[in-house]
Amino acid sequence: TTFLQLLGLPVISLLAYLSAKELSTNIYDTDYNFFMTLSALAFLAAILMGVFIITSNFKYLHNHAFSDMQLALPLTAKQRFWIDYSSGLLIYLLPAIFAMLLASIPLFMGAANYPLYFDNVDKILPSFAIIIIIGMIMFYTFAVFSVVYCGTLIDSLINIFLINAVIPLTLIATSISIEEGFLTTSTSSDIPILMSQIVYTSPIGCAIMILSNYDNIFIFNSPIIFKWILSACAVIALFLVLSYIIYKKRKAEQVATPYVFKIFYHIFMFFTVFCIFNLINSLYSSTVYASSYSSYYYDTPYAEEVHFENYAVNILPAIITSAVVFFIAEFISNRGIKKFFHSVARFAFAIVFAVAFRKICIVTEGFGYSEYIPNANSVEYVSFNDYSD
């Protein structure tokens with residue numbers, strides 16, 4: 001983990017410094033983009049190393065031999081959980097903190113020597129570091145949550161992926177459905193409606209927070225960043241408490257069983273179907289609708305009729321795709337075709353919910369979102385783009 005972290009942010013910041021040096025002298029000898037990409041991949045790999053740290057610290061939850069040795073120790077469940085969680089978190093975070101300290105050296109050197117290319121580094125860098133650390137803690141905690149309620153290693157890995165993907169995708173799919181509901185009265189916005197919730201509810205959201213605001217110094221020097229930190233920490237605390245409660249309720253004989261509490265798997269698969277259905281349906285119906293009809297027809301009954309037709313036509317491929325993903329996951333989690341009719345009932349319920357939600361969004365024009373006018377005192381900031389001369 002340390003090796004990957006050192007190849008990540010420190011190398012990226014050093015390459016940025018060297019690139020600024022060449023730009024300042026108008027000498028372009030080296031293309032640093034390829035090497036920056038490699039360093040970014042190394043940093044991503046260092047983030048993913050948290051999975052290996054967690055599965056190592058909690059391996060007795062998935063293996064009877066390790067479980068017998070661990071549970072024989074004179075430790076309570078409370079002591080075991082917090083020791084394993086905190087020790088793994090230290091192993092995970094310390095290399096990252098050390099790498100960020102090293103990475104700050106070339107950046108501050110660049111701010112001193114080439115201020116044109118490293119403007120406001122001292123103001124943005126602390127916020128970036130906090131967001132990265134919180135994102136890593138969130139990813140680590142989500143992984144612990146998955147490991148605790150799953151009884152096998154393969155199921156833990158699958159659910160680590162599910163929890164990190166489903167949360168942001170659900171918010172995006174919900175946003176798209178709401179936006180599509182008022183396409184007949186207004187044009188779609190560039191940013192999903194629930195973006196403010198996406199950025200603090202998942203590690204992917206933390207990455208979006210940095211990538212979408214890397215050049216916006218206002219965001220990182222306003223109350224918005226403090227609200228984001230509090231919200232993200234609340235999400236981490238919620239999953240940490242849930243993990244601890246589930247851990248205490250686990251029994252020794254549940255080791256190596258697919259799921260200790262399968263309710264969480266059902267919840268994630270429900271929203272997986274919801275996401276796949278809505279995203280595929282929106283991809284086709286919104287694109288066809290927006291590209292085929294000019295804004296002149298947006299307010300006409302004919303446009304709304306076409307909108308409903310596109311929506312209906314694309315239901316079938318969306319259902320088929322979500323069914324394929326759902327039943328493959330069911331086959332893996334059930335170790336065969338056990339309780340097949342239960343799976344069919346759960347899939348039907350998820351599809352009915354997804355179809356009904358999109359229908360309600362269209363009928364109510366995005367739950368009246370197109371008519372919503374926020375209170376002036378609640379507006380935190382406004383941005384606009386001017387493309388004129």
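Since we're looking at a predicted model, the values are computed, not measured. The figures here come from the full heavy-atom set of this structure, side chains too, leaving out hydrogens, waters and symmetry mates.
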Nearest-0.5 Å distance that lies between atom [atom1] in [X] and atom [atom2] in [Y]:
X: Ser86; Y: Ile91; atom1: OG; atom2: CD1; value: 9.5 Å
X: Glu330; Y: His342; atom1: CD; atom2: NE2; value: 11.0 Å
X: Phe271; Y: Leu162; atom1: CZ; atom2: CG; value: 13.0 Å

Are any non-hydrogen side-chain atoms of Arg346 and Phe326 less than 4.5 angstrom apart?
yes
In the structure I gave you, are the side-chain heavy atoms of Leu6 and Phe3 within less than 4.5 Å of one another anywhere?
no
Does any N or O in the side chain of [X] come within less than 3.5 Å of the main-chain N or O of [Y], such that one atom is a donor and the other an acceptor?
X: Arg358; Y: Phe277; answer: no
X: Thr321; Y: Ala318; answer: no
X: Tyr114; Y: Met109; answer: no
X: Ser39; Y: Leu7; answer: yes
X: Ser19; Y: Leu15; answer: no
X: Tyr140; Y: Gly50; answer: no

Using ring pair (Phe, Tyr, Trp, His ring centres under 6.0 Å) as the criterion, point out the one residue from Phe353, Phe341, Phe327 that pairs with Phe347.
Phe327
For the student: nearest non-hydrogen atoms of [X] and [Y], plus distance:
X: Ser13; Y: Ala103; result: OG-O, 3.1 Å
X: Leu48; Y: Phe52; result: O-CD1, 4.0 Å
X: Thr141; Y: Leu240; result: CG2-N, 3.7 Å
X: Phe264; Y: Ile246; result: CE1-CD1, 3.4 Å

Verify whether one side chain among Tyr265 and Asp155 offers a donor that lies under 3.5 Å from an acceptor in the other.
no
Test side-chain contact (heavy atoms from CB on, under 4.5 Å) on Tyr200 and Gln197; report intermediate values, then the result.
CA-CA 6 Å; Tyr200 65 77; Gln197 283 72 43; 3.7 Å; yes
Verdict with supporting geometry, Val144 and Phe81, side-chain contact (heavy atoms from CB on, under 4.5 Å)
CA-CA 10 Å; Val144 169; Phe81 177 81; 4.1 Å; yes
Is the gap between the ring centers of Phe58 and Tyr85 under 6.0 Å?
no
Can you check whether Phe145 and Tyr149 have ring centres sitting under 6.0 Å from each other?
yes
Given the options Ile236, Val235, Ile160, Phe142 meets side-chain contact (heavy atoms from CB on, under 4.5 Å) only with Val235
